[in-house]
Amino acid sequence: MKRSSLQWIGRHLQGHLFLFETRPRLPAYDSSAGLRLLLIFILLEGVVGPRLSLFRVLGLPLPPAWLRVPILLMLTIILIPIFARVRLGQIGLYPLPDWGVTEKSYLIQVLLIANVVFGFLFAERLRMIFADPGFWWRPAALIILTNFLWGFHQELVYRGILQTELMRRWGSLVGILASNFLFTFGPLHFYHFSGPVPGQALPMFTGIFLTGLFFGVLFKRSGNLAIVGVLHGLGNSYIDGLGALGR
């Protein structure tokens with residue numbers, strides 16, 4: 001096989017080894033912008049709450065998930081450039097034309113593999129859903145889309161905002177571990193401590209931590225937040241979205 005052919009194949013496979021096109025791995029904003037990013041994180045996760053728990057505290061009606069998730073996502077996207085004065089590209093959200101070949105190829109490959117695996121695991125539920133000719137006009141599509149956006153939002157907050165800033169302050173290793181610790185045990189997943197099944201919390205948190213660690217390392221190596229956001233969203237769509245439809 002010619003050397004050029006091997007190089008071409010390598011470019012399409014090296015993403016699985018966390019080897020991506022070279023781009024700046026450290027944020028280019030200053031410490032004051034970093035502080036404002038942390039304030040956005042504290043506002044969204046600590047004050048408002050990832051599921052708008054502030055509404056319950058104030059005695060306000062809680063918007064349905066299909067409404068509150070897009071609102072939280074858009075609010076985050078607006079606050080980053082306007083309040084923190086940080087460009088979205090500085091936290092890893094690049095327009096598609098700026099993606100490298102390896103990034104595009106890796107995402108496509110992983111999406112294909114993930115859909116095959118999830119499709120096999122959820123085959124019975126998928127048959128049940130698609131047997132309904134009115135599927136796309138029923139709540140099913142909205143539930144699946146909402147869960148996809150929810151997964152993307154989590155990556156925007158915990159990897160894009162928090163991990164980026166903590167890596168800038170403390171370095172890659174501590175930044176990834178600290179942000180993933182908060183992702184696992186913070187407000188987003190704290191409700192698992194009160195799960196109905198005794199002993200369920202430990203395996204649940206182990207799975208969340210390992211998944212978050214994978215996303216954290218992938219984001220660090222690729223510098224591309226959209227990749228981890230899409231993959232997280234896809235997992236949410238199957239696990240939480242189809243899970244909700246099955247109940």
Side-chain angles (χ1 to χ4, degrees), residues 15 18 20 23 25-27 34 37-38 40-46 48-52 65 68-81 84 86-96 98-99 103-104 106-108 110-111 114-115 118 144-168 172 175-190 192 205 207-241:
F18 293 165
F20 295 90
R23 66 157 45 104
R25 299 294 186 231
L26 294 176
L37 282 175
L38 290 181
I40 292 174
F41 174 81
I42 293 171
L43 172 68
L44 294 174
E45 297 295 293
V48 176
R51 295 170 182 81
L52 299 186
R68 69 173 181 264
V69 169
I71 289 176
L72 282 170
L73 179 58
M74 290 306 301
L75 176 62
T76 308
I77 291 175
I78 290 171
L79 285 174
I80 292 168
V86 172
R87 298 191 312 275
L88 294 177
Q90 291 176 293
I91 61 165
L93 278 181
Y94 301 97
L96 188 59
D98 292 347
W99 288 33
E103 293 170 83
K104 296 175 184 176
Y106 174 80
L107 180 59
I108 292 172
V110 175
L111 285 178
N115 275 293
F118 280 126
I144 292 172
L145 177 60
T146 299
N147 279 278
F148 177 86
L149 294 178
W150 180 231
F152 196 97
H153 173 75
Q154 292 175 41
E155 292 307 308
L156 177 61
V157 172
Y158 280 90
R159 247 63 70 176
I161 293 177
L162 185 62
Q163 179 176 309
T164 298
E165 174 54 18
L166 294 187
M167 285 196 307
R168 187 191 70 82
S172 298
I176 291 172
L177 291 176
S179 58
N180 194 43
F181 183 87
L182 289 174
F183 171 75
T184 304
F185 301 105
L188 182 62
H189 295 118
F190 190 80
H192 287 300
F205 283 122
I208 293 171
F209 185 85
L210 292 177
T211 302
L213 188 61
F214 168 76
F215 286 143
V217 174
L218 176 58
F219 176 48
K220 166 63 175 62
R221 296 293 298 174
S222 68
N224 192 319
L225 184 62
I227 291 179
V228 294
V230 169
L231 295 182
H232 192 154
L234 180 69
N236 267 30
S237 296
Y238 277 102
I239 297 171
D240 296 328

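In this chain, numbering begins with 1 at the start of the sequence shown. When reading the values below, keep in mind they use all heavy atoms of this one structure, side chains included, and skip hydrogens, waters and symmetry mates.
- Across all non-hydrogen atoms, the minimal contact from F152 to L93 is CZ-CD2, 4.0 Å.
- T184 and F205 make their closest contact through O-CE2, 3.2 Å (heavy atoms, listed as atom of the first residue, atom of the second, distance).
- Y158 pairs with exactly one of E45, H153, Q163 by the side chain to side chain donor-acceptor pair (under 3.5 Å) rule, that one being E45.
- You'll find the side chain of L213 reaches within 4.5 Å of the side chain of L177, heavy atoms only.
- Distance check: L38 CG to L43 CG gives 12.5 Å after rounding to the nearest 0.5 Å.
- Using cut-offs of 30° and 60° for the angle between ring planes, the H232 and F183 rings count as perpendicular.
- Other residues, nucleotides and ligands contribute over 12 non-hydrogen atoms within 6.0 Å of the CZ atom of F214.
- One distance of note links CG of L231 with CD1 of I227; it measures 7.5 Å at 0.5 Å rounding.
- Closest approach of F209 and N180 over heavy atoms only: O-ND2, 2.9 Å.
- Looking at L218 and N224, their side chains never come closer than 4.5 Å, going by heavy atoms from C-beta outward.
- Considering all non-hydrogen atoms of both residues, N115 and L234 come closest at OD1-CD1, 3.9 Å.
- Residues N147 and I239 fail the side-chain proximity criterion, which asks for heavy atoms closer than 4.5 Å.
- S237 contributes a side-chain N or O that, together with a main-chain N or O of I144, makes up a donor-acceptor pair within less than 3.5 Å.
- Taking 4.5 Å as the limit, every side-chain heavy atom of S179 sits out of range of all side-chain heavy atoms of L182.
- Among the candidates F18, W99, F20, the single residue satisfying the ring pair (Phe, Tyr, Trp, His ring centres under 6.0 Å) test with Y106 is F20.
- Here the side chain of R221 pairs no donor or acceptor atom with the backbone of G216 at under 3.5 angstrom.
- Here the side chains of P50 and W150 are in contact, with some heavy-atom distance below 4.5 Å.
- Two residues are said to be in side-chain contact when any heavy atoms from C-beta on lie closer than 4.5 Å; P81 and V86 fail this criterion.
- Here the shortest heavy-atom pairing between L44 and T76 reads CD1-OG1, 3.3 Å.
- Proximity of V157 to L72: side-chain heavy atoms (C-beta onward) are nowhere separated by under 4.5 Å.
- For the atom pair CD1 of I40 and CG of L75, the computed distance is 8.5 Å after rounding to the nearest 0.5 Å.
- Of the inter-residue distances, the one linking M74 atom CE with L149 atom CG reads 10.5 Å to the nearest 0.5 angstrom.
- Contact annotation: the side chain of I91 never approaches that of R159 to less than 4.5 Å [non-hydrogen atoms, C-beta and beyond].
- The two atoms that bring F219 and V228 nearest to each other are N-CG1, 4.0 Å, heavy atoms only.
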- [ ] Check step by step if side chain to side chain contact (heavy atoms under 4.5 Å, CB included) holds for E155 and V230.
- [x] CA-CA 9 Å; E155 292 307 308; V230 169; over 6 Å; no
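- With I161 as reference, I80 is the one residue of L166, L225, I80 to meet the side-chain contact (heavy atoms from CB on, under 4.5 Å) rule.
- Although no hydrogens or angles enter the test, the distance criterion places a donor-acceptor pair under 3.5 Å between the side chain of Q90 and the main chain of R87.
- Ring geometry, F185 versus F181: the interplanar angle falls from 30° to 60°, so the pair is classed tilted.
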